[in-house]
Undergrad: 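I am attaching a structure below and will ask some questions about it afterwards.
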Amino acid sequence: MTLEVDDLTVAFGDAVAVDGVSMSVPAGSVMALLGPNGAGKTTTVRTIATLVRPASGIVRVAGVDVVAEPHRARGLLGLSGQYATVDDSLTGRENLAMIARLSGFGRRASGRRADELLERFGVADAAGRRVRTWSGGMRRKLDLAGALVAGPPVVVLDEPTAGLDPPSRETLWESVRDLAAEGSTVLLTTQYLEEADRLADDVTVIHRGAVVARGGPEELKQRFGTSTVTVRLASDVDARRVHEAVGDGYVSVEVVGDVVTVEALDGAEAVAAVVSALAVAGIAVAEASVREPSLDDAFRSLTVDGGAS
Ligand SMILES: Nc1ncnc2c1ncn2[C@@H]1O[C@H](COP(=O)(O)OP(=O)(O)OP(=O)(O)O)[C@@H](O)[C@H]1O
């Protein structure tokens, strides 16, 4: 595993911010650490980045223990997100070249590395402008580029797209996917379910410092989300008759006017069963549709207070 977190606990005084979190991220994959505000995402990231000392547990970055060898571990990690190291008064190129110099590149090599990354993130045109004049999306890209200057095997992104508009998010997502495709290990924190769904190979859901679920986005949706079957009847039918026809083998069945809404674990199976049960009862259906669970549904069911934790 390129990034390993084993039973990590972090406390601030009496407050336990991270409570026994474990996760493993293999090379070339993206792990999303998903959780609501205050779940412990940033604290986990700061511990991985050697900025916070854990109370217990082990974190290894590319095999290096962050507590035993923080300096070495830090050198194997690119950190980006809420730590904007970008200097507004410098140009984009100057920013990256400076990071390269600090990472041990020579003067010329630093310039080359900066140009390479500016090109890669599609901001080469603005390279010579002070970052002060750059848009939010461009700055995020620069921040991400900064984390990649030294070519670290592990990249940690703390809420990489917070505050970005949808097109900027899309292009940043593309960059993150490319990064993983090239073999980097990526851990990102997010409150955006869509982000986890679109980017991550695996998702670790945390709530109040503890892991409440883990798995691939699809797997989590299947396990925790319910599908919604919506059937519109050809005419208003007595609700009781509809309930009797549909039966009670579902999460919920609701009848309002000529619309029947069924929450079910398996949407495809439920839509077929509901439509045929109505037909058997002589109730004509005008249309039927099924909406598969979103990661939102899964996330909500896991992080409601007093929920699955
Ligand atoms: N330096 C600190 N001192 C005391 N408590 C802290 C400190 N940093 C974080 N906490 C607490 O630890 C808990 C987890 O916070 P953390 O910032 O890790 O959550 P988060 O999941 O990143 O939330 P957000 O999405 O809001 O950034 C919170 O209750 C927070 O108040």
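Numbers for residues simply follow the sequence, beginning at 1. Order of appearance sets the numbers: ligands from 1, and atoms from 1 within every ligand.
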Undergrad: Is the count of non-hydrogen atoms from other residues, nucleotides or ligands lying under 6.0 Å from E219 atom CD greater than 12?
TA: yes

Undergrad: Below 3.5 angstrom, do we get any N/O pair linking A17 and ligand 1?
TA: no

Undergrad: Should R93 and D115 count as an ion pair when the cut-off is N to O under 4.0 Å?
TA: yes

Undergrad: Under a 4.0 angstrom heavy-atom cut-off, which atoms of ligand 1 come close to P36?
TA: 21 (O)

Undergrad: Which of the atoms of ligand 1 are close to E159, meaning less than 4.0 Å from one of its heavy atoms?
TA: 25 (O), 27 (O)

Undergrad: Please identify which atoms of ligand 1 are closer than 4.0 Å to at least one heavy atom of Q191.
TA: 25 (O)

Undergrad: Is atom CD of E119 surrounded by more than 12 heavy atoms (other residues, nucleotides or ligands) closer than 6.0 Å?
TA: no

Undergrad: Any side-chain donor-acceptor pair under 3.5 Å between E159 and T189?
TA: no

Undergrad: Looking at ligand 1, does any of its N/O atoms fall within less than 3.5 Å of an N/O of N37?
TA: yes

Undergrad: Can you establish whether the number of heavy atoms outside R130 located under 6.0 Å from its atom CZ is more than 12?
TA: no

Undergrad: Look up atom CG in L33 and atom CD1 in I206, then write down how far apart they are to the nearest 0.5 Å.
TA: 4.5 Å

Undergrad: Inspect the contact between E174 and R177 and indicate whether a charged nitrogen and a carboxylate oxygen are less than 4.0 angstrom apart.
TA: no

Undergrad: Does A15 have a heavy atom less than 4.0 Å from any atom of ligand 1?
TA: no

Undergrad: Using a 4.0 Å cutoff against the non-hydrogen atoms of T42, which atoms of ligand 1 qualify?
TA: 17 (O), 18 (O), 20 (P), 22 (O), 27 (O)

Undergrad: N/O to N/O below 3.5 Å, does that happen between F12 and ligand 1?
TA: no

Undergrad: Does ligand 1 have an atom that lies less than 4.0 angstrom from a heavy atom of G35?
TA: no

